[in-house]
*Asks:* 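The structure under discussion is supplied below as structure tokens; questions concerning it will follow.
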Amino acid sequence: MNRIPNSLHASDIAHSMHPYTNMRAHEEQGPMIITKGDGIHVYDSEGKEYIEAMAGLWSVAVGFSEDRIAKAAYEQMLELPYYHSFAHKAHAPSIRLAEKLVEMTPEGLNRVFFTNSGSEANDTVIKMIWFMNNALGRPEKKKFLARNKAYHGITIASGSLTGLPGNHKDFDLPAIPVVHLTCPHYWKWAEEGETEAAFTARLLKEAEDTILAEGPETIAGFIGEPVMGAGGVMTPPEGYWPGIAALCEKYDILLISDEVINGFGRLGTPFGCQKYGFTPDILVTSKQLTSSYMPLAAILVNDKVYNPIADNTEKLGTFGHGFTGSGHPVACAAGLENLAIIEEKDLMGNAARMEAPFQAMVQSFADHPLVGEVRGTGLMAGLELVADKASKTGFSPVGKVAAAVAKAAQDNGLICRSVYETVALCPPLILTEADIERIGQRLAVALDAGLDWAKAEGFL
């Protein structure tokens with residue numbers, strides 16, 4: 001394996017600004033430079049192998065070495081390396097991918113708008129809905145409902161929908177009209193003695209009370225991840241999503257399913273909305289759309305959304321929104337090949353088959369002294385760490401212990417992610433039972449090392 005020169009390490013420290021990183025700490029420790037990927041593994045510049053149990057950033061469905069996608073991108077690069085889709089221009093890859101997405105997604109979602117990322121996609125959704133409501137003579141219908149702990153992106157608008165303090169603090173967000181409702185995480189937010197059914201009923205009442213207090217005529221959309229990802233892998237309580245869908249129908253509020261993480265089989269079903277029994281007006285997808293081999297995202301809308309927008313573009317002469325790379329031909333070619341691989345190798349089916357052994361593996365840590373709750377579905381899981389199991393009390397300051405466990409895992413050849421006090425796992429959809437066993441072995445070592453660290457540092 002080719003070694004990375006030390007100068008590259010120094011250059012990164014000197015010149016690069018890393019996302020989601022303590023930049024001063026980075027100046028001290030520098031980067032782990034990843035040089036190669038193969039299946040569920042990646043390798044660093046020292047040749048060390050890691051199980052990539054986060055699929056990169058919740059995204060590499062097919063693994064890190066599918067040369068079919070590389071070849072598809074290369075062939076498209078040779079034929080038409082770039083063209084835009086402004087002003088009636090089009091090219092075959094974006095047309096075919098839009099057609100494929102309409103075929104794969106729930107019935108009624110029949111129009112596709114491409115962006116380069118999930119953040120851009122959710123930003124675009126906001127603008128689409130504002131544009132639509134202005135066209136319908138409803139200029140006051142501009143507010144959004146989202147949830148605490150939600151993640152919908154990091155642009156000014158999509159970052160406002162996000163409900164995580166670290167994405168708001170000192171960025172002056174939220175910057176658009178959005179109301180964040182209670183996070184639908186029963187273990188954490190249920191009241192003492194409250195059943196799951198009662199918790200669901202309380203959250204639905206909160207949503208309806210908020211709609212009535214704000215005025216239904218002012219609420220444009222409700223956005224949610226079917227299973228919350230970056231907030232800590234929170235699965236919804238039973239009945240939550242059908243109840244939310246009913247409220248949106250009752251008060252003429254558009255329902256937006258953010259499937260950037262959930263989509264294309266992650267939960268063992270093609271899309272999360274199908275797993276939880278609701279049909280959105282708008283569906284947003286990215287990440288596993290190309291397995292992140294190329295940046296790409298797609299928004300799918302139904303006729304209720306499309307027709308007023310289309311009518312308004314006729315009135316105004318244009319839809320004054322889009323990106324240079326919207327529907328980039330190379331990204332779309334990569335996406336088409338990625339989806340073909342997912343279908344041909346039955347990776348959605350594999351996720352469904354691997355769900356039971358994967359979830360059993362993570363549940364085996366429920367009795368670990370650090371673990372307060374294990375939760376997940378499909379091939380997503382989170383282990384929430386606590387200082388006291390009985391009271392569900394977390395650590396202070398938040399995040400230090402989970403970060404220590406994630407570091408211990410990495411030292412032991414397992415890449416996971418610490419999200420506040422949750423250790424998150426989201427492996428590629430090519431996962432096998434042997435892979436699950438190895439993940440469990442390495443995670444066990446990391447949790448024990450984290451426990452020792454927490455004791456030594458006075459957290460326990």
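Since we're looking at a predicted model, the values are computed, not measured.
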*Asks:* Looking at every non-hydrogen atom in both residues, tell me the closest pair between A424 and V233 and how far apart they are.
*Replies:* CB-CG2, 4.0 Å
*Asks:* Would you say N338 and T290 are linked by a side-chain donor-acceptor pair, where the criterion is simply a distance under 3.5 Å?
*Replies:* no
*Asks:* With E384 as reference, evaluate K392, K149, R375 under the salt bridge (charged side-chain N to carboxylate O under 4.0 Å, His left out) test and give the passing residue.
*Replies:* R375
*Asks:* Could you tell me whether the side chain of F113 reaches within less than 4.5 Å of the side chain of H321, counting heavy atoms only?
*Replies:* yes
*Asks:* Measure up the F222 and W241 rings against each other and bin them: parallel (under 30°), tilted (30 to 60°), perpendicular (over 60°).
*Replies:* perpendicular
*Asks:* Sort out for me which residue in F264, F278, Y276 forms a ring-ring contact (aromatic ring centres under 6.0 Å, His included) with F271.
*Replies:* F264
*Asks:* Can you check ring-ring contact (aromatic ring centres under 6.0 Å, His included) on Y82 and H328, steps first, answer last?
*Replies:* CA-CA 6 Å; Y82 167 71; H328 194 289; 5.5 Å; yes
*Asks:* Report yes or no: do T422 and R417 form a side-chain donor-acceptor pair below 3.5 Å?
*Replies:* no
*Asks:* For the residue pair N122 and S158, confirm or rule out a side-chain donor-acceptor distance under 3.5 Å.
*Replies:* no
*Asks:* Test: side-chain hydrogen bond (donor to acceptor under 3.5 Å, both in side chains). Region: residues 396-408. Which pairs qualify, not counting sequence neighbours?
*Replies:* K407-D411
*Asks:* Any donor-acceptor pair under 3.5 Å linking the side chain of T162 with the backbone of H152?
*Replies:* yes
*Asks:* State, without any angle test, whether N148 and H180 hold a side-chain donor-acceptor pair at a distance under 3.5 Å.
*Replies:* no
*Asks:* Before giving the answer on ring-ring contact (aromatic ring centres under 6.0 Å, His included), spell out for F199 and Y240 the whole-Å C-alpha distance, their side-chain angles and the decisive distance to 0.1 Å.
*Replies:* CA-CA 9 Å; F199 177 66; Y240 175 82; 8.2 Å; no
*Asks:* Can you find a side-chain donor-acceptor pair between H185 and E373 that sits under 3.5 Å?
*Replies:* yes
*Asks:* Set out, in order, the CA-CA distance, both residues' side-chain angles and the distance that settles side-chain contact (heavy atoms from CB on, under 4.5 Å) for M234 and W189, then state yes or no.
*Replies:* CA-CA 11 Å; M234 272 84 79; W189 300 110; over 6 Å; no
*Asks:* Cut-off 3.5 Å, side chains only: do N167 and Y20 have a donor facing an acceptor?
*Replies:* yes
*Asks:* So, Y43 and D38: side-chain donor and acceptor under 3.5 Å apart, yes or no?
*Replies:* no
*Asks:* Flag the pair R68 and E344 as a salt bridge only when some basic side-chain nitrogen lies within less than 4.0 angstrom of an acidic carboxylate oxygen.
*Replies:* yes
*Asks:* Using a strict cut-off of less than 4.0 Å between a Lys/Arg side-chain nitrogen and an Asp/Glu carboxylate oxygen, indicate whether D452 and K455 qualify as a salt bridge.
*Replies:* no
*Asks:* Test R442 against E437 for salt bridge (Lys or Arg N to Asp or Glu O under 4.0 Å), laying out the working first.
*Replies:* CA-CA 9 Å; R442 297 183 188 189; E437 184 177 356; over 6 Å; no
*Asks:* Would E196 and Y186 count as having a side-chain donor-acceptor pair, cut-off 3.5 Å?
*Replies:* no
*Asks:* Using a 3.5 Å distance criterion without hydrogens, assess whether the side chain of E259 forms a donor-acceptor pair with backbone atoms of G272.
*Replies:* yes
*Asks:* Please walk me through it: do I256 and I129 pass side-chain contact (heavy atoms from CB on, under 4.5 Å)?
*Replies:* CA-CA 11 Å; I256 306 135; I129 294 174; 3.8 Å; yes
*Asks:* Does a side chain donor of either T324 or H84 reach within less than 3.5 Å of an acceptor in the other side chain?
*Replies:* no
*Asks:* Assess whether side-chain contact (heavy atoms from CB on, under 4.5 Å) is satisfied between R96 and K100, documenting all intermediate values.
*Replies:* CA-CA 6 Å; R96 290 173 181 151; K100 183 65 178 174; over 6 Å; no
*Asks:* Would you call K36 and D44 a salt bridge, using N to O less than 4.0 angstrom?
*Replies:* no
*Asks:* Say whether, by atom type as modelled, one donor and one acceptor occur between the side chain of K275 and the main chain of L267 under 3.5 angstrom.
*Replies:* yes
*Asks:* Mark yes or no for whether K389, through its side chain, and H368, through its backbone, hold a donor-acceptor pair below 3.5 Å.
*Replies:* yes
*Asks:* Can you confirm whether the side chains of S119 and S117 place a donor and an acceptor under 3.5 Å from each other?
*Replies:* no
*Asks:* Tell me which one of L370, V371, L385 satisfies side chain to side chain contact (heavy atoms under 4.5 Å, CB included) with L451.
*Replies:* L370
*Asks:* Classify the ring geometry between F395 and F459 as parallel (under 30°), tilted (30 to 60°) or perpendicular (over 60°).
*Replies:* perpendicular
*Asks:* If only atom types and distance count, is the side chain of E225 paired as donor or acceptor with the main-chain N or O of N262 below 3.5 Å?
*Replies:* no
*Asks:* Would you say that more than 12 heavy atoms from the other residues, nucleotides or ligands in this model lie under 6.0 Å from the CD1 of I309, or not?
*Replies:* yes
*Asks:* Please determine whether the number of non-hydrogen atoms from other residues, nucleotides or ligands lying under 6.0 Å from atom CG of D367 exceeds 12.
*Replies:* no
*Asks:* Can you see which heavy atom on L283 is nearest to which on C273, and at what distance?
*Replies:* CD1-SG, 4.1 Å
*Asks:* Report yes or no: do Q359 and T377 form a side-chain donor-acceptor pair below 3.5 Å?
*Replies:* no
*Asks:* What's the spacing between E103 CD and L339 CG if we round to 0.5 Å?
*Replies:* 10.0 Å
*Asks:* Take V62 and I69 through the test side-chain contact (heavy atoms from CB on, under 4.5 Å) and record every step on the way to the result.
*Replies:* CA-CA 10 Å; V62 300; I69 300 176; 3.8 Å; yes
*Asks:* Is there a donor-acceptor pair under 3.5 Å between the side chain of E421 and the backbone N or O of G399?
*Replies:* yes
*Asks:* To the closest 0.5 Å, what do you measure between CE (M354) and CG (L379)?
*Replies:* 8.5 Å
*Asks:* Between T21 and P19, is there a donor-acceptor pair closer than 3.5 Å when you use the side chain of the first and the backbone of the second?
*Replies:* yes
*Asks:* Measure across I261 and Q288 and return the closest heavy-atom pair with its distance rounded to 0.1 Å.
*Replies:* O-NE2, 4.4 Å
*Asks:* Looking only at atom types and distance, does a side-chain atom of S94 sit under 3.5 Å from a main-chain N or O of H91, one as donor and one as acceptor?
*Replies:* yes
